[in-house]
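Everything below concerns the one structure shown next.
Lettering follows sequence order; numbering is per chain, from 1. All heavy atoms count here, side chains included; hydrogens, waters and symmetry mates do not.
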2 protein chains.
Amino acid sequence: METKIFRNFLGEKGLKPTKERIAVLSEVFSFHGHFDPEYLYLRIKDAGSKASRASVYRTLSLLVECGLVKKVTRTEKGNIYEHTYGHSHHDHMICDACGEIIEFYSEKLENLQDEICAENSFAGSTHTLEIRGHCKKCRTKQS
Amino acid sequence: METKIFRNFLGEKGLKPTKERIAVLSEVFSFHGHFDPEYLYLRIKDAGSKASRASVYRTLSLLVECGLVKKVTRTEKGNIYEHTYGHSHHDHMICDACGEIIEFYSEKLENLQDEICAENSFAGSTHTLEIRGHCKKCRTKQS
DNA sequence: AGTTAAATTGCAATTCAATCTCAGTTTCAG
DNA sequence: CTGAAACTGAGATTGAATTGCAATTTAACT
């Protein structure tokens with residue numbers, strides 16, 4: 001399914017579904033969780049496919065452009081991505097103590113953000129909300 | 001006031017309030033708005049003070065560490081900062097076309113986030129919300 | 001004021017993610 | 001099949017950020 005979407009996207013842009021691009025695509029969807037370009041590059045090699053770092057970067061941009069992948073955040077070590085197809089939108093809470101990442105979703109929150117965008121004549125397309133603090137476990141451990 | 005806070009912070013860490021550090025500090029608080037390290041470096045030069053790029057970067061880290069300055073976001077062109085002392089909490093909308101940064105604050109949004117934290121037994125301390133899209137100007141320009 | 005150890009600076013070198021260049025390769029429409 | 005256009009990989013390049021280091025500055029203590 002992802003493949004179909006990607007091939008469609010490429011077709012519409014006059015781009016070609018090369019082995020390298022498909023290798024990147026399949027690897028991105030072969031696991032769950034966050035990743036950075038280098039990690040992905042190594043996984044692709046490991047999987048026996050081949051695609052240079054340059055191709056990984058180039059393909060990643062395409063995947064983001066067609067909405068199959070999202071750039072989650074930028075760290076001091078580079079960009080972090082996650083695949084989004086088949087996963088609904090969510091935001092993150094990150095525990096400063098143990099690093100646990102809790103995903104959450106709130107319809108109300110989404111609507112409120114739309115309202116705020118409208119108030120500012122801003123056409124919002126994506127957002128990132130990251131709440132930092134302490135998770136239940138670490139809260140009690142503290143006291 | 002900022003100066004007092006910063007001097008205190010330096011004192012506690014056994015660091016020295018050098019001309020360069022103070023020059024960076026004053027320049028940061030001499031204007032309102034967002035900035036990147038290079039822009040700050042040029043402003044300092046312009047103001048007749050002197051501090052190398054290295055010192056600007058090093059001092060900026062200290063200012064973030066002591067809470068007077070906040071790293072707002074990371075763009076493809078580098079980090080963006082803002083001074084926080086004397087400014088209340090707000091979130092950002094960033095235009096993908098022209099890079100404009102719009103600040104906003106919503107009481108409702110804050111409350112809603114508190115609710116969501118409570119639902120997840122999470123003790124939230126800070127958050128970052130960044131909405132990306134197109135600002136009014138770039139919206140109309142597009143069509 | 002003078003001395004000295006520790007902190008600091010600036011420059012240049014370095015790092016590292018990301019992008020670009022370009023010659024050789026692959027794709028696919030006709 | 002064939003050729004034009006699209007792609008690729010390797011290495012060069014970019015640019016923000018960091019670091020090493022010799023020279024300089026700071027400030028605590030005489």
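- A:Gly124 and B:Ile131 make their closest contact through CA-CG2, 4.1 Å (heavy atoms, listed as atom of the first residue, atom of the second, distance).
- Phosphate proximity of D:dA16 to B:Arg74: absent, as no side-chain N or O sits under 4.0 Å from OP1 or OP2.
- Within the nucleic acid shown, B:Arg58 comes within 4.0 Å of at least one base atom, counting heavy atoms only.
- Classified by interplanar angle (parallel below 30°, tilted 30° to 60°, perpendicular above 60°), the ring pair A:His89/A:Tyr105 is perpendicular.
- For the 3.5 Å distance criterion, the side chains of A:Glu27 and A:Ser49 fail to qualify, holding no donor opposite an acceptor.
- Judged by the 6.0 Å and 45° rule, B:Arg21 forms no cation-pi pair with B:Phe6.
- With salt bridges taken as basic N to acidic carboxylate O contacts below 4.0 Å, one links A:Lys108 and B:Glu115.
- With a heavy-atom cut-off of 4.0 Å to chain B, the contacted part of DNA chain C has its first and last nucleotide at C:dA6 to C:dC11.
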For a quick check, with a 4.0 angstrom heavy-atom cut-off, what is the B/S/- contact string for nucleotides 25-30 of chain D, read 5' to 3'? SBS---
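- B:Leu109 places a side-chain heavy atom less than 4.5 Å from the side chain of B:Leu129.
- If you take CD1 of A:Ile22 and P of D:dC7, they are 12 Å apart, rounded to a whole angstrom.
- The aromatic rings of B:His87 and B:His32 sit parallel to each other, their planes meeting at less than 30°, with 60° as the upper class boundary.
- Looking at heavy-atom distances under 4.0 Å, B:Asp36 makes no contact with the nucleic acid at all.
- A salt bridge between A:Arg58 and A:Glu20 is absent, with no side-chain N of the basic residue lying under 4.0 Å from a carboxylate O of the acidic one.
- For the pair B:Arg53 CZ and D:dA16 P, the interatomic distance rounds to 9 Å; values are reported in whole Å.
- Atom CZ in B:Phe35 sits about 16 Å away from atom C1' in D:dA16, given to the nearest Å.
- OP1 or OP2 of D:dT18 has not a single side-chain nitrogen or oxygen of B:Tyr57 nearer than 4.0 Å.
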